[in-house]
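Computed from a prediction, not measured in an experiment: that's the story for all the values here. Numbering of residues begins at 1 and proceeds along the displayed sequence.
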Amino acid sequence: MGQQQLLLLVLGIVIVGLAVVVGIQAFNENQTKSQIDNYTATGVGMAGEIIAWYQKPTAQGGGGGVAANLGSLTIDKLGYDLTASETTVWSGFQFTGTVKNGTIRYLGTSTTHPFLHIHQMPRVTGMMRVEVHAFGPRPECIVTRTNRFNVGTAWSDGKSENAPPDNPDAARCSW
């Protein structure tokens, strides 16, 4: 009778241990997904701000609907405070960003469109990063992608670290 009780006790401990491990893994996965969702929402909101700036008349400090003016767009023109800022050069582009609540938001401009890069500060291997590319002044022209810093060499769309994503609709999505 004692051996049976001991076996049930060990079996109970193993089951509880497995449940704890599965719970911890589920929590970590949910936390990562939540972080991606938060960065994506922030980036899409900022892309909306880029579209609003682009459509605002130049007399009011906007881009006046002129694609060439996107090259002069900086993060402070979107209304972000530069008192806690960081500038970096990556892949030949200079980014100026703001740091708020441990998150940095970079704004850069490629030859075809503005884009944002959002991640935690400081950069830690495995941290989530989100890029938001605004190919045109429409919501359907915004493309988001994610990856983990120093873990993989490709973004979630399969493109390499330095390659921009594809334009979703070149006929409708251009500045």
Side-chain angles (χ1 to χ4, degrees), residues 23-56 62-63 70-169 172-175:
I24 290 171
Q25 287 177 339
F27 176 79
N28 288 339
E29 288 175 17
N30 188 35
Q31 186 178 17
T32 299
K33 184 171 176 10
S34 176
Q35 185 181 36
I36 290 170
D37 291 345
N38 184 29
Y39 287 174
T40 302
T42 300
V44 169
M46 289 177 72
E49 294 169 14
I50 290 172
I51 293 170
W53 180 88
Y54 168 78
Q55 293 174 341
K56 186 188 294 185
L70 288 169
S72 69
L73 180 59
T74 56
I75 198 96
D76 57 324
K77 288 183 181 177
L78 295 179
Y80 290 90
D81 184 16
L82 286 182
T83 56
S85 65
E86 176 182 286
T87 300
T88 189
V89 176
W90 172 72
S91 299
F93 297 104
Q94 179 172 323
F95 299 87
T96 301
T98 60
V99 181
K100 183 177 180 184
N101 299 330
T103 302
I104 189 159
R105 299 160 178 89
Y106 287 125
L107 171 65
T109 304
S110 74
T111 56
T112 60
H113 62 281
F115 60 96
L116 308 157
H117 184 85
I118 303 168
H119 65 265
Q120 277 181 318
M121 268 300 284
R123 296 181 188 135
V124 178
T125 296
M127 103 185 142
M128 295 307 305
R129 304 185 297 169
V130 171
E131 269 193 0
V132 179
H133 293 256
F135 285 97
R138 302 170 187 255
E140 63 270 18
C141 299
I142 297 172
V143 176
T144 63
R145 61 187 187 167
T146 62
N147 81 350
R148 291 181 175 268
F149 182 68
N150 281 344
V151 172
T153 58
W155 289 92
S156 56
D157 61 0
K159 298 281 186 167
S160 71
E161 180 78 20
N162 299 325
D166 294 326
N167 188 330
D169 184 354
R172 297 184 64 204
C173 294
S174 63
W175 296 97

Give a yes or no on whether the backbone of [Y] and the side-chain of [X] come within a donor-acceptor separation of less than 3.5 Å.
| X | Y | value |
| --- | --- | --- |
| Y54 | W175 | yes |
| T32 | N28 | yes |
| N167 | D169 | yes |
| K77 | S72 | yes |

Is the closest side-chain heavy-atom distance between [X] and [Y] below 4.5 Å?
| X | Y | result |
| --- | --- | --- |
| L73 | L78 | yes |
| P165 | F115 | no |
| V132 | T40 | no |
| C173 | H113 | no |

Separation of [Y] [atom2] from [X] [atom1] (nearest 0.5 Å):
| X | Y | atom1 | atom2 | answer |
| --- | --- | --- | --- | --- |
| D157 | H133 | CG | NE2 | 8.0 Å |
| M127 | R148 | CE | CZ | 11.0 Å |
| L70 | T112 | CG | OG1 | 10.0 Å |
| Q31 | M128 | CD | CE | 12.0 Å |
| R129 | I118 | CZ | CD1 | 12.5 Å |
| I51 | I142 | CD1 | CD1 | 4.0 Å |

Closest non-hydrogen atom pair, [X] against [Y]:
| X | Y | result |
| --- | --- | --- |
| P168 | C141 | CG-CA, 4.1 Å |
| I36 | V130 | O-CG2, 4.1 Å |
| L116 | A47 | CD1-N, 3.7 Å |

Open item on the list: Among residues at least two apart in sequence or on other chains, which ones pass side-chain hydrogen bond (donor to acceptor under 3.5 Å, both in side chains) with K56?
Closed with: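 side-chain hydrogen bond (donor to acceptor under 3.5 Å, both in side chains) check on K56 returns nothing, list empty.
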
Open item on the list: Would you call the rings of H117 and W155 parallel, tilted or perpendicular, taking 30° and 60° as the class edges?
Closed with: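 Answer is perpendicular, since the angle exceeds 60°.
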
